Amino acid sequence: MSVAEVVVDVPTMQTNRPFEYEIPEQLADVVVPGMRVEVSFGRGKRKIQGFVMKIKDTSNFSGKLKPIDRVIDLRPVLTPEMLDLSYWLADQTYSFQISCLQTMLPSVMRAKYKQFVEAVPEFVDDAEVKSLLGDGESLEITSQMTDETIQLINRLRRQNKIEINYVVENQARQLKRQAVTTNLNPIQLREKRNSLRSNAKAQLKLVNYLIDNVDHLPIEMSELENDQDIGRSAIKTAEKNGILEIIEVTKRRKPVGITPEKTTKLALTDEQQQAVDQIVTAIDQSNPETFLIEGVTGSGKTEVYLQSIEQALNQGRSALMLVPEISLTPQMVNRVTGRFGNKVAVLHSGLSSGERYDEWTRIENGSVKVVVGARSAVFAPLKNIGLIIIDEEHEASYKQDDNPRYHARDVALWRAKQHKCPVVLGSATPSLESRARAQKGVYHLIYMKKRVNDHPLPHVQIIDMRDAENSAAKGDISPLLQDNLYRAVKRGEQAIVLLNRRGYSSFMMCRECGFTLKCPNCDVSLTYHKDLSKMKCHYCGHEEPVPTVCPNCKSKKIGFYGTGTQNIERQLNELLPQARVLRMDVDTTRRKGAHAKIIKAFGDHKADILLGTQMIAKGLDFPDVTLVGVINADTTLSISDYRASERTFQLLTQVSGRAGRADKEGHVIIQTFNPDHYAIKDAAVQDYETFYKQEMYLRHQSNYTPYYFTTLVSVAHKDEGQALKQSYWLKRQLQAALSDHSILLGPSPTMISRKQNKYYYQIIVKYKNEPQLHQKLLDILNDTQADTKKGFTIAIDNEPQHID
DNA sequence: AGCACGCCGACT
DNA sequence: GTCGGCGTGCTC
């Protein structure tokens with residue numbers, strides 16, 4: 001007898017382990033680890049999806065095993081490597097194994113469950129059953145059903161008059177299209193053409209087209225119909241006459257916005273060559289070493305990546321390159337696809353779930369050797385990886401902020417060990433963690449200090465916004481920035497204006513009584529959305545109309561406060577009416593492809609000023625940009641996160657790198673209320689090392705990363721008292737398990753203490769060496785699993801990226 | 001999660 | 001009595 005260990009799709013603590021199922025005779029040779037299967041689970045007839053983890057000959061289960069009902073895949077969708085990885089990932093992130101397995105796959109491979117009500121044969125004519133089902137044989141249970149209907153279903157079921165059937169749906173489908181092809185060779189086609197009747201014009205056109213495109217068969221029907229204006233009936237006739245055949249083809253859903261032009265290798269500088277040499281040596285020696293490239297903006301890191309990838313490919317191996325989502329611009333993608341052509345798969349958020357599935361299939365079946373993508377691309381099913389690259393290594397988006405809370409860097413390092421390949425981390429502003437590891441020799445540090453072609457660094461000016469002349473100006477744009485913008489536009493050059501994301505929201509405040517309009521569910525201000533003319537909550541989506549009088553004191557002096565991109569856009573339009581301003585923010589880039597469109601328009605010089613938030617700071621390269629203005633450099637400094645300085649430094653260094661890339665000298669103007677802050681001063685001169693030393697000193701003083709590990713434990717409950725009580729219990733539990741070298745902070749309410757009507761409290765654990773902490777946290781999760789039904793949510797975030 | 005079982009109070 | 005509500009424990 002064959003037995004399969006199956007992890008079932010029930011994300012709870014109690015079911016977070018394999019269940020054994022019997023492999024029926026007829027599936028004996030079919031079921032393999034890594035496959036998805038359908039099994040019944042529980043007392044009822046419930047059917048769910050599960051992943052086969054192991055196959056064995058005997059069972060340790062005392063009861064009777066249920067059989068596997070059906071296989072969902074014909075071939076395994078997860079390799080043994082991925083199955084292994086799921087154990088490690090679940091353990092590291094304190095998540096359910098099923099959640100880990102599912103995040104490794106495209107979302108369409110997640111099962112959809114449906115329930116149908118059907119009458120038990122003896123009760124088909126029962127009045128109530130009839131009233132429920134109407135004329136139909138079965139009725140789908142949906143979430144929109146009224147409470148009365150649900151109650152009726154429950155009662156009828158108790159009376160055994162109806163039963164509920166479960167259906168597991170696999171959403172993953174390849175796109176099928178009808179296409180025509182022919183068995184005839186061109187000579188035979190010409191013969192056919194000659195024997196056509198003279199009035200058969202459509203046939204003639206069709207046969208001619210086939211002759212001309214004989215190398216491009218099969219041709220999709222839709223192409224013939226839409227582009228060539230050859231009707232369906234003509235095609236059918238041709239089929240009848242044995243000229244062609246109609247077949248079904250699987251089509252690759254076309255990813256948008258990719259127009260690769262062939263690009264070639266660039267000549268390397270000495271620094272670049274040395275970097276490539278070191279990486280290539282590691283590839284050749286199958287050495288799972290980690291490199292950290294600390295390279296100033298414009299030092300040509302991408303070229304180093306590309307030439308290293310090429311070497312991996314030459315060795316017959318594949319390569320994985322991770323970039324932050326916002327850097328996945330057409331510019332960057334074209335550079336890679338231009339070099340490696342159709343061997344590349346690009347996974348970005350603009351893909352529809354179907355397109356994503358198609359790309360996944362291409363990787364899985366080995367037709368792709370290079371994968372470029374954001375965080376989740378780290379799970380790309382590549383075989384024989386020769387190199388993994390993580391560009392902009394410091395980016396917080398590499399950490400997923402809901403379960404499983406994994407860091408792509410950690411997953412990459414794990415996979416590199418399996419594949420015996422090097423990992424390259426690259427950044428102009430490495431995270432302190434990585435830079436410190438390089439210091440200790442855990443990573444191999446490579447400096448790239450020179451800009452390609454010796455482009456000079458931009459001239460950076462810091463503007464003190466506390467100065468009278470600046471605060472006297474009515475708006476948010478200082479006279480100096482205004483003047484420079486004016487001159488740049490006049491010279492026919494371009495400028496980028498950056499607005500720091502935090503604090504950009506336009507919220508409503510009454511100037512009479514100080515009242516601010518807040519979300520009734522969450523503790524945050526509502527922000528104004530011009531497009532909808534409504535006030536909206538960024539956390540729960542609650543919206544309400546814009547008030548005209550203050551709800552508190554009835555004064556009419558309620559108005560907008562704060563600086564939004566729309567607001568700055570208005571100010572720019574007033575100050576520089578002749579300049580064309582393009583705005584890029586969450587509102588203007590919501591539509592698919594809108595992001596790329598704006599970048600292209602700016603690149604084509606269809607606008608003079610590009611105004612936006614964080615998203616314009618990264619990886620864009622516009623040769624005509626000579627001026628970068630930062631409206632509010634310090635709003636990230638004021639937030640209560642120990643990474644605030646690091647984030648500010650990174651952002652300012654990145655934007656400053658945008659100016660003066662071509663032969664024109666760049667100019668950067670940074671407006672700030674903290675002109676003496678080291679993060680701002682060091683960023684102005686692009687001096688990472690000085691910043692690193694200063695920041696390390698402060699982290700040391702305050703016992704933070706990288707001197708300490710941090711783990712964040714949070715509790716949420718509808719009732720604030722309950723949440724607080726539970727968090728104190730948690731703290732006592734932790735205290736008992738920790739040595740006195742560790743530091744416990746909290747419980748404290750999160751910055752936004754109420755989200756979606758739940759109160760949040762958090763405890764921060766800072767530690768250097770606590771071998772039992774990991775197990776303790778797992779135990780806590782186990783002990784509190786019963787409480788989740790009482791409305792408690794406990795989340796554990798190992799090495800959190802933000803503490804809010 | 002979804003289901004059964006068991007216990008409890010409140011009604012045709 | 002028995003219907004329906006809710007807490008508890010189990011699912012190969």
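Just so it is clear, the model here is predicted, and its values are computed rather than measured.
If A:Arg158 and A:Lys64 are placed on DNA chain C by their nearest nucleotide, the residue sitting closer to the 5' end is A:Arg158.
Between the CZ atom of A:Arg43 and the C1' atom of C:dG9 there is a distance of 7 Å, given to the nearest Å. Rounded to whole angstrom, the span from the CG atom of A:Asn16 across to the P atom of B:dA1 amounts to 13 Å. Look at CD on A:Glu20: it is 12 Å from P on C:dT11, rounded to the nearest Å. Rounding to whole angstrom units, CD1 of residue A:Ile48 and P of B:dG2 are separated by 10 Å. Rounding to whole angstrom units, CZ of residue A:Phe41 and P of B:dG2 are separated by 12 Å.
Heavy atoms of A:Gln14 sit under 4.0 angstrom from at least one base atom. A:Arg17 comes within contact range of at least one nucleobase, with a heavy-atom separation under 4.0 Å. Across all strands shown, A:Tyr21 has heavy atoms under 4.0 Å from sugar-phosphate atoms exclusively, and none from any base.
The side chain of A:Arg46 contributes no N or O atom lying less than 4.0 Å from OP1 or OP2 of C:dT11.
Looking at A:Thr705 and A:Glu799, their side chains come closer than 4.5 Å, going by heavy atoms from C-beta outward.
A:Arg732 forms no cation-pi arrangement with A:Tyr728, by the criterion of a distance under 6.0 Å to the ring centre and an angle within 45° of the ring axis.
By the 5.5 Å and 30° criteria, A:Phe61 is stacked with the base of C:dC12.
Paired with A:Asn165 under the rule side-chain hydrogen bond (donor to acceptor under 3.5 Å, both in side chains), one option of A:Lys45, A:Lys114, A:Arg46 passes, and it is A:Lys45.
Salt bridge A:Glu544/A:Lys534: absent, no basic N to carboxylate O contact under 4.0 Å.
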